[in-house]
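Chain naming here is simple, since letters A, B, ... match the order of the sequence lines and numbering starts at 1 in each. Hydrogens, waters and symmetry mates play no part in the numbers below; they use all other heavy atoms, side chains included. From a predicted model like this one, the values you see are computed outputs, not experimental measurements.
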Amino acid sequence: MSLRVKALESLLVEKGLVDPAALDALVDTYENKVGPRNGARVVARAWSDPAYKARLLANAPEAIAELGYRPEQGEHMMVLENTPQVHNMVVCTLCSCYPWPVLGLPPVWYKSAPYRSRAVIDPRGVLREFGLELPDEVEVRVWDSTAELRYLVLPERPAGTEGMSEEELADLVSRDAMVGVAKAGVGVAKL
Amino acid sequence: MSLRVKALESLLVEKGLVDPAALDALVDTYENKVGPRNGARVVARAWSDPAYKARLLANAPEAIAELGYRPEQGEHMMVLENTPQVHNMVVCTLCSCYPWPVLGLPPVWYKSAPYRSRAVIDPRGVLREFGLELPDEVEVRVWDSTAELRYLVLPERPAGTEGMSEEELADLVSRDAMVGVAKAGVGVAKL
Amino acid sequence: MNGIHDMGGMHGMGPIEVERDEPVFHEEWEGRTFVMTRAIGMWRKWNIDTGRFHIELIPPAEYLRMSYYEKWFVRLADLLVKTGLVTGEELETGRPAPGSVRATPPLTVEQVPAVALNRFLAPSYEPGIPPLFHLGDQVRARNINPIGHTRLPRYARGKSGCVAVDHGVHVFPDTNAHGLGENRQHLYSVRFAARELWGEQASERDFVYIDLWDSYLDRV
Amino acid sequence: MNGIHDMGGMHGMGPIEVERDEPVFHEEWEGRTFVMTRAIGMWRKWNIDTGRFHIELIPPAEYLRMSYYEKWFVRLADLLVKTGLVTGEELETGRPAPGSVRATPPLTVEQVPAVALNRFLAPSYEPGIPPLFHLGDQVRARNINPIGHTRLPRYARGKSGCVAVDHGVHVFPDTNAHGLGENRQHLYSVRFAARELWGEQASERDFVYIDLWDSYLDRV
């Protein structure tokens, strides 16, 4: 693949169809500027500031733009609040739609056939595979991103985090928690 | 594949699980003794003998056994009569079920994903691909072989064949006509 | 199992390619794989439904890539080991385990003519098992999505049709495939309007007949 | 199109494999393929729906075998030629056709920050286009099976649910993908009980929300 991609890129550059410096800048953006840390900051703010949380749930694009992450021209967004009674999780069965501005590009598992096929027919089994066993009485809501709506899960704030700063709280919010396949406070790897 | 299959066969022979002479005899049976010529003789008899045709439509296994082809211990069979008003065709969407005793082993196209996927959702398009354009007013019946029933299509007897012997008539009956993707009298290759 | 094998109604599989004067087997190993499977079948270590299910277990990308007889080979190797006729080590080394006793093949040359055309199906007439439905009954195929074997194709689930033929009593694959009993019951050809299955794009003169068991059906 | 991409509800795809500390791109070519696609998108030669449809056109066995960015590469090459940005011969030889005029890239470094997070979606508020349904309405997803692009997944067709969110007016992918107009209309999240979708095996406390356009829905 590497050679074929290089050949295509040099053709496109020679034809003046793309600017290689712009390509470099785009790669840098996706590798270094967007990623789940953006979403984690949104979540931490919502946990810390009830008024912000209310704005976030009512109008996600505007509330997210307040923090400088901007889907302002484009992406439609909706934030789904997890509670002790309701657990939300997100999938795109038809392709791999994902909220890039707040979570970066999706991980391979999110784009994979096993997740895409099973999330809608066996959500609790999928969550179990992620180590999350939900009580029977919790309502599970799976959101299949079939349109240009992008979904971000607002996980429950973990107990015992009352004194924490927003930065500390953001450290508790993993990508998986914002897709809805984990709880906040567990499984937070390097973001 | 060739080496792997040879290795498995020699293992099974050495373990006494199969008798190589029986394997040879089986291959010979399927290569030389069963095939669409069997079904063509059944069709030709039905065209020639109204009483036989009535028995064939009422109890296909017994009528077919009369000609020496014997699904007597096993296979359930049903014969589907094509008429100017009704065209029947057969598919197995879930695997590749096929009436071996009267048609031999199925051709690759019958076992292929294109035929299995499309025969039930676009039968007229499939028939067109086989060169058969049916008038809109003809009812198309697609039989999906999901169980141990095997279906043989009894095609319409072509016009102008009144004086023909059963052997001559059988020459007009292709495998494809008995699957229901062709009419009798056309496209009869070496059987 | 909602597997790739259940492909009725899918698009995108490409054109139908018909080979003129196609041989029964394209290569010798195809024939050997086929007849080995038939001959080993005489050990009665698995039934036809278990056999089908083991083809369905082939991962989808492989299922689509493999030829028909490649799938048969994979299944044969798989079931030989699962049923203990062959050990995994024997399969790998190609040699019988040291000290293993040589068996006597159940299928001899003399039996081949009788067996070749015999697929060991159940008799279909059993007066003790009455049909739950009768010709002309309107029925609806159940919306089931088992992870095990089933012969109720996805495209028919939830759809209603009319009982067109009663084929008598047959073994029920959903249990038989998993050693859970033959669960004999009536089997019917159910006539579905293509428009019921596929919506208004379908011709109102197209019908699909699907063979369905009592356990798959509800009265409308 | 009832393609392999429409895989909601399928079994047999294997376990979910999560990679710890996964990099954004595993290999450099993945990143280059991704950003070339974004940069070429600025030529506005195709829209997001056309782009998705061209991934769906990858034959099923290839679709399952290929990695995500391999599919992006195949699509990019395919659409570059189809839209005439590149000729088939240029793609093969890797060189611009003799005498071809050098273009000016529409995407410059300065524009990258604005563009990176911008996917050119339609505004969602258009008072001139009233919704056909309202929150709480019971609706049924139509049983359509187009050979073209659609975002109505097979597993929802014929199933009934309840309008849970009105997302305003959105471009309709089924027409937009094929250059047949934006056909703007209301989009809703429709709440389906898992038992409606999958039968009694599903938990009665599971629900699936699917984003569906007016044209996909009938009132129950």
Would you confirm whether D:Arg102, through its side chain, and A:Glu14, through its main-chain N or O, come within 3.5 Å as a donor-acceptor pair?
yes
Counting heavy-atom pairs under 4.5 Å with chain A, the top scorer among D:Leu197, D:Val109, D:Leu212 is D:Val109
In terms of heavy-atom proximity below 4.5 Å to chain A, should D:Phe192 be classed as side chain, backbone, both, or neither?
neither
Measure D:Pro23 against the heavy atoms of chain A and call it side chain, backbone, both or neither at under 4.5 Å.
neither
Given a strict heavy-atom distance threshold of 4.5 Å, which part of D:Thr104 is in contact with chain A: side chain, backbone, both, or neither?
backbone
Under 3.5 Å, is there a donor-acceptor pair linking the side chains of A:Tyr151 and D:Ser189?
yes
Side-chain donor/acceptor of A:Ser117 to backbone N/O of D:Met7, under 3.5 Å:
no
Heavy-atom pairs under 4.5 Å with chain A - which of D:Pro106, D:Ser100, D:Pro153, D:Gly31 has more of them than the others?
D:Pro153
Given that the side chain runs from C-beta out, which part of D:Ile55 has a heavy atom under 4.5 Å from chain A: side chain, backbone, both or neither?
neither
Against chain D, residues from residues 104-116 of chain A with at least one heavy atom under 4.5 Å, in numeric order, are A:Leu105, A:Pro107, A:Val108, A:Trp109, A:Lys111, A:Ala113, A:Pro114, A:Tyr115, A:Arg116
Whatever's closer than 4.5 Å to a heavy atom in chain D on A:Met78 counts as side chain
Carefully, step by step, assess D:Ile48 and A:Glu148 under the rule side-chain contact (heavy atoms from CB on, under 4.5 Å).
CA-CA 10 Å; D:Ile48 191 169; A:Glu148 300 316 321; 3.7 Å; yes
Picking from D:Val101, D:Leu85, D:Leu152, which has the most non-hydrogen pairs under 4.5 angstrom with chain A?
D:Leu85
Polar side-chain atom of D:Arg205 near backbone of A:Val86 as donor-acceptor pair, under 3.5 Å:
no
Sub-4.5 Å side-chain heavy-atom contact between A:His76 and D:His170:
yes
Between D:Glu19 and A:Arg175, does any NZ, NE, NH1 or NH2 come within less than 4.0 Å of an OD or OE carboxylate oxygen?
no
Report, by ascending residue number, the residues of residues 138-145 of chain A in heavy-atom contact with chain D at a distance under 4.5 Å; give 'none' if the set is empty.
A:Val138, A:Glu139, A:Val140, A:Arg141, A:Val142, A:Trp143, A:Asp144, A:Ser145
Answer yes or no: is there a donor N or O on one side and an acceptor on the other, between the side chain of A:Glu129 and the main chain of D:Ile16, under 3.5 Å?
yes
Interface residues of residues 87-96 of chain D facing chain A - non-hydrogen atoms under 4.5 Å apart:
D:Glu90, D:Leu91, D:Gly94, D:Arg95, D:Pro96
Of the listed residues (D:His26, D:Arg151, D:Gln201), which shares the most heavy-atom pairs with chain A below a 4.5 Å separation?
D:Arg151
Once rounded to the nearest 0.5 Å, what's the spacing between atom CZ of A:Arg118 and atom CE of D:Met13?
11.0 Å
With the side chain counted from C-beta on, respond yes when A:Val27 and D:Glu28 share a heavy-atom pair under 4.5 Å apart, and no when they do not.
no
For a quick test of reading the model, state the closest non-hydrogen atom pair linking A:Leu17 to D:Ala103 and the distance between them.
CD2-CB, 4.4 Å
Indicate yes or no: at least one non-hydrogen side-chain atom of D:His11 is less than 4.5 angstrom from one of A:Asp122.
no
Which residues from residues 69-76 of chain D are near chain A, with near meaning under 4.5 Å between non-hydrogen atoms?
D:Tyr69, D:Glu70, D:Trp72, D:Phe73, D:Leu76
For D:Glu204, does the CD atom have more than 12 heavy-atom neighbours from other residues, nucleotides or ligands under 6.0 Å away?
no
Tell me which of these, A:Thr93, A:Asp136, A:Asp28, A:Leu23, has more heavy-atom pairs under 4.5 Å with chain D than the rest.
A:Leu23
Is D:Val24 close to chain A through its backbone or its side chain, or both, or neither, when contacts mean heavy atoms under 4.5 Å?
side chain
Heavy-atom distances under 4.5 Å only: say whether D:Leu107 touches chain A with side chain, backbone, both or neither.
both
Go through the atoms of D:Ser67 and report whether side chain, backbone, both or neither lie under 4.5 Å from a heavy atom of chain A.
neither
